[in-house]
Amino acid sequence: MLIFKDKKNIRADNQVYIKPEYLIHPYISGNKYRKLKYNLLEAKKRKHNTLLTFGGAFSNHIAAVAFAGKEYGFKTIGIIRGEELFFKIESNPTLSFAKSCGMVFKFISRDQYKLKSHDDFCDSLKSEFGDFYLIPEGGTNALAVKGCEEILTKDDQCFDFICCSIGTGGTISGLINSALPHQKIIGFPALKGDFLQEEIAKFVTNKNWELITDYHFRGYAKVDDELIAFINQFKDLHTIPLDPIYTGKMMYGIYDLIEKGYFPKGSKILAIHTGGLQGIEGMNQRLKQQNKSLIV
Ligand SMILES: *Cc1c(COP(=O)(O)O)cnc(C)c1O
């Protein structure tokens, strides 16, 4: 879908299209569907009946795994960052949704959470919950990347630039692997930190990609009035909702780069809308507490 045609600006003459991955499934949000697909097949093949994964209070991944478990017949266990959330399940839209899908939670402290990939911790989870198929935080592993290689199709070959938001780097890795040599993949990290370059390099060999690190808005899940206003204006203009954690920041970045003349004249840009809309309600709860304007 074409959303932006910059005819007035002769210098750039850029066009932006959106790939609406958020529409591929009503609950397993955009890229999380792609990332889970081959993991669920693998879990079935290995005859697992339980999925265990990790996430924060408003995690799109937690919501997606919970629903996928319900839909495809797995028990699901969510290891959640923040012990205090135990008392907030009902008021937290993501956790109450996951619970309604049958997900069982274990709440751990932020310090414990940092150690979650250690073997000791995994062993202790096995003795607590029995055997499970482990899906990493954010769902990124080689099978997830394989699933994300299916986002781009033949119809997308005409694009010069393909843009996506980044959390753990799985989605962009799939895009990089499936892009054609004339295409450049631009990633917009939704968080601070420079570990992503290395993460992505684990999954890709192509070199046709770049990270633009200027649009995380001071960190993961942080927002400001300007971002919220942009998201609301965007929806007003195009009737396309953006989420505040990932796609809103990416789209803000794309528009800002166009403004700055980053893309060569006549470039065709494809923005991947990776979903994440379930996170809007939780963000609005927080904005309301701070007396800020909400996402409409
Ligand atoms: C999880 C998520 C991302 C980040 O994907 P990674 O593969 O972790 O980089 C981007 N957008 C949305 C909407 C997400 O939910």
Side-chain angles (χ1 to χ4, degrees), residues 18-39 53-68 93-94 97-98 135-152 162-178 185-204 209 211-213 215-217 219-221 223 227 231 234 240-254 271-283 295:
I18 272 204
K19 186 156 185 107
E21 287 280 293
Y22 68 107
L23 297 176
I24 61 178
H25 191 285
Y27 293 108
I28 310 176
S29 167
N31 65 341
K32 301 301 184 281
Y33 181 90
R34 304 285 186 183
K35 293 169 85 168
L36 283 171
K37 177 178 167 187
Y38 290 104
N39 276 294
T53 196
F54 306 90
F58 302 98
S59 164
N60 297 328
H61 171 67
I62 286 291
V65 170
F67 192 86
T94 303
F97 171 77
I135 302 178
E137 182 182 35
T140 289
N141 57 17
L143 290 174
V145 172
K146 181 178 168 189
C148 292
E149 288 169 7
E150 296 174 355
I151 294 174
L152 293 179
I162 293 152
C163 299
C164 79
S165 174
I166 307 184
T168 56
T171 305
I172 192 173
S173 297
L175 293 171
I176 292 166
N177 289 341
S178 59
I185 313 293
I186 314 274
F188 294 82
L191 66 172
K192 281 194 254 184
D194 36 35
F195 60 97
L196 277 172
Q197 205 87 27
E198 219 174 294
E199 271 306 298
I200 295 165
K202 286 183 196 162
F203 297 111
V204 307
W209 56 282
L211 302 186
I212 306 276
T213 55
Y215 300 102
H216 54 63
F217 286 78
Y220 185 73
V223 299
L227 179 67
I231 288 171
F234 192 90
I240 296 175
L242 299 172
D243 84 292
I245 320 269
Y246 296 103
T247 55
K249 294 181 181 183
M250 167 194 69
M251 198 55 78
Y252 185 100
I254 293 172
I272 310 292
H273 191 318
T274 39
L277 302 178
Q278 72 86 32
I280 292 176
E281 197 181 338
M283 179 60 76
I295 301 165

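Numbering of ligands and ligand atoms starts at 1, following listing order. Numbers here are sequence positions counted from 1. Since this is a predicted model, take the numbers as computed values, not measurements.
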Distance-only N or O hit between ligand 1 and [X], under 3.5 Å:
X      : result
Tyr246 : no
Asn60  : yes
Gly138 : no

Take every heavy atom of [X], measure it against each atom of ligand 1, and state whether any distance is under 4.0 Å.
X      : result
Lys32  : yes
Met250 : no
Gly169 : yes
Ser29  : no

Item to check | From Leu227, Leu191, Val223, residue fulfilling side-chain contact (heavy atoms from CB on, under 4.5 Å) relative to Phe217 | outcome: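 Filter result, single survivor: Leu227.
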Next on the checklist: Looking at Glu149 and Arg34, is there a salt bridge between them, counting it only when a charged N and a carboxylate O are closer than 4.0 Å?
Outcome noted: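 Not counted as a salt bridge, because no side-chain N and carboxylate O are separated by less than 4.0 Å.
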Checklist entry - Quick one: does ligand 1 sit under 4.0 Å from the side chain of Asn31, the backbone, both or neither, non-hydrogen atoms only? => result side chain
Item to check | Thr274 and ligand 1 - part of the residue with a heavy-atom distance under 4.0 Å | outcome: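 For Thr274, backbone and side-chain atoms both sit under 4.0 Å from ligand 1.
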Checklist entry - With distance as the sole criterion, is a donor-acceptor pair present between the side chains of Tyr246 and Tyr220 under 3.5 Å? => result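 Distance-only check passes for Tyr246 and Tyr220.
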